[in-house]
Peer 1: 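Here's a structure for you.
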Amino acid sequence: MSQATKRKHVVKEVLGEHMVPSDQQQIVRVLRTPGNNLHEVETAQGQRFLVSMPSKYRKNIWIKRGDFLIVDPIEEGEKVKAEISFVLCKDHVRSLQKEGLWPEAFSEVAEKHNNRNRQTQPELPAEPQSSGEESSSEDDSDLFVNTNRRQYHESEEESEDEEAA
């Protein structure tokens with residue numbers, strides 16, 4: 001199977017399928033990614049440990065801080081105690097909350113995460129600008145905001161000082 005075909009099937013599985021955790025599986029939140037396809041996660045009870053990413057997700061699905069996962073426990077692991085079974089997107093989280101399967105400890109975190117994403121995403125203008133109007137090259141408000149990076153705002157005073165020097 002080619003890499004593109006594999007990627008297509010993996011993405012379709014993650015985005016389309018609705019997953020309910022079994023008795024052994026648990027829902028966790030990603031805290032950080034130390035590397036080497038390992039992710040530090042936290043359970044609803046506050047327990048922290050490392051989970052490994054299976055090879056089918058590597059270079060196909062990207063996980064960042066604050067994402068939620070369903071993991072399968074690994075008994076023989078000392079540091080790595082689970083393996084990622086499923087990556088939960090916003091729609092999966094909402095459906096699990098409606099079914100009452102979502103951990104209460106993560107309810108507040110999921111709401112804050114969704115609200116923060118709504119606030120940081122810029123609003124698109126309702127009407128497109130006519131071609132006759134020239135938009136200012138200084139106005140970058142319509143550009144996509146990458147929520148994975150810190151937002152640095154440059155004040156006009158600093159830029160004037162740099163130009164004068």
Side-chain angles (χ1 to χ4, degrees), residues 3-124 139-155 158:
Q3 183 68 18
T5 306
K6 178 183 172 188
R7 181 179 301 123
K8 179 178 79 170
H9 289 292
V10 170
V11 170
K12 184 178 178 183
E13 174 188 334
V14 168
L15 293 179
E17 191 175 306
H18 174 66
M19 180 78 169
V20 177
S22 67
D23 295 336
Q24 294 86 21
Q25 294 177 331
Q26 56 184 338
I27 298 174
V28 295
R29 181 174 53 111
V30 177
L31 297 176
R32 66 186 188 101
T33 304
N36 220 11
N37 294 307
L38 297 175
H39 301 279
E40 184 178 351
V41 297
E42 180 179 35
T43 63
Q45 295 79 23
Q47 181 184 6
R48 292 180 170 197
F49 54 89
L50 291 175
V51 298
S52 65
M53 179 181 279
S55 59
K56 75 175 187 177
Y57 290 142
R58 295 177 187 172
K59 297 185 181 179
N60 293 323
I61 301 295
W62 304 104
I63 298 174
K64 62 181 192 251
R65 283 187 314 260
D67 284 351
F68 295 98
L69 312 169
I70 296 179
V71 295
D72 289 318
I74 301 174
E75 285 78 25
E76 66 271 359
E78 290 181 27
K79 291 183 179 180
V80 180
K81 296 187 178 182
E83 183 175 53
I84 297 171
S85 156
F86 197 78
V87 180
L88 297 171
C89 66
K90 293 176 195 173
D91 296 332
H92 296 125
V93 171
R94 285 188 204 115
S95 65
L96 287 172
Q97 287 173 338
K98 287 178 184 175
E99 293 176 14
L101 298 172
W102 191 254
E104 195 64 35
F106 290 149
S107 294
E108 299 168 1
V109 175
E111 290 300 318
K112 286 181 184 176
H113 187 68
N114 288 338
N115 290 339
R116 185 178 65 222
N117 283 345
R118 285 188 203 126
Q119 291 171 356
T120 58
Q121 292 294 333
E123 296 278 332
L124 293 176
D139 184 23
D140 294 335
S141 63
D142 61 338
L143 293 178
F144 173 74
V145 177
N146 185 352
T147 58
N148 295 334
R149 303 280 185 221
R150 290 187 176 157
Q151 300 298 318
Y152 295 104
H153 299 285
E154 184 178 316
S155 68
E158 291 175 1

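All values below come from the heavy atoms of this structure, side chains included, with hydrogens, waters and symmetry mates left out.
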Peer 1: For Tyr57, is there any backbone N or O sitting under 3.5 Å from a side-chain donor or acceptor partner on Asn60?
Peer 2: no
Peer 1: Check for me whether the distance between the ring centres of Phe68 and His92 falls short of 6.0 Å.
Peer 2: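 Between His92 and Phe68, which both carry aromatic rings, the centre distance is not below 6.0 Å.
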Peer 1: Answer whether the closest heavy-atom distance between the side chains of Pro21 and Leu96 falls below 4.5 Å.
Peer 2: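 With C-beta onward as the side chain, the pair touches.
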Peer 1: Side chain to side chain contact (heavy atoms under 4.5 Å, CB included) for Trp102 and Ile27? Distances and angles first, verdict last.
Peer 2: CA-CA 8 Å; Trp102 191 254; Ile27 298 174; 3.9 Å; yes
Peer 1: Is there a side-chain contact between Ser85 and Val71 (heavy atoms, below 4.5 Å)?
Peer 2: no
Peer 1: CD of Glu83 to CG of Asn37: how many Å apart, nearest 0.5 Å?
Peer 2: 11.0 Å
Peer 1: List the steps, then state whether side chain to side chain contact (heavy atoms under 4.5 Å, CB included) holds for Arg48 with Leu31.
Peer 2: CA-CA 9 Å; Arg48 292 180 170 197; Leu31 297 176; 3.3 Å; yes
Peer 1: Quick check for you: to the nearest 0.5 Å, what is the distance between Asn36 atom CG and Leu50 atom CG?
Peer 2: 10.5 Å
Peer 1: Salt bridge (charged side-chain N to carboxylate O under 4.0 Å, His left out) with Glu42: which residues, sequence neighbours excluded?
Peer 2: Arg29
Peer 1: Are Val80 and Leu38 packed together at the side-chain level, in the sense that at least one heavy-atom pair is separated by less than 4.5 angstrom?
Peer 2: yes
Peer 1: Give, for atom OG1 of Thr33 and atom CZ of Arg65, the distance between the pair rounded to the nearest 0.5 Å.
Peer 2: 8.0 Å
Peer 1: Are Asp67 and Leu88 close enough, and set up right, to give a side chain to side chain contact (heavy atoms under 4.5 Å, CB included), and what steps lead you there?
Peer 2: CA-CA 7 Å; Asp67 284 351; Leu88 297 171; over 6 Å; no
Peer 1: Between Gln26 and Thr43, do the side chains contain an N or O donor and an N or O acceptor separated by less than 3.5 Å?
Peer 2: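 The answer is no; no qualifying pair exists.
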Peer 1: Is the CD atom of Glu78 crowded by more than 12 outside heavy atoms at less than 6.0 Å?
Peer 2: no
Peer 1: Check whether any side-chain heavy atom of Pro54 lies under 4.5 Å from a side-chain heavy atom of Ile84, and answer yes or no.
Peer 2: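 Answer yes - side chains close enough.
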Peer 1: Do Gln25 and Met19 touch side chain to side chain, with heavy atoms closer than 4.5 Å?
Peer 2: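 Yes, side chains in contact.
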Peer 1: Determine the minimum heavy-atom distance between Met53 and His39, stating which atoms define it.
Peer 2: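 Smallest heavy-atom distance, with atoms named: CE-NE2, 3.4 Å.
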Peer 1: Side-chain contact test, heavy atoms from C-beta onward, threshold under 4.5 Å: evaluate it for Glu76 versus Ile74 and give yes or no.
Peer 2: yes
Peer 1: So do the side chains of Val20 and Glu99 get within less than 4.5 Å of each other, counting heavy atoms only?
Peer 2: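 Sidechains of Glu99 and Val20: in contact.
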Peer 1: So do the side chains of Glu40 and Val30 get within less than 4.5 Å of each other, counting heavy atoms only?
Peer 2: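 Not in contact.
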Peer 1: Which atom names give the shortest non-hydrogen contact between Ala44 and Pro103, and what distance separates them?
Peer 2: CB-CB, 3.5 Å
Peer 1: What distance separates Cys89 SG from Arg94 CZ, expressed to the nearest 0.5 Å?
Peer 2: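 If I round to the nearest 0.5 Å, the distance is 8.5 Å.
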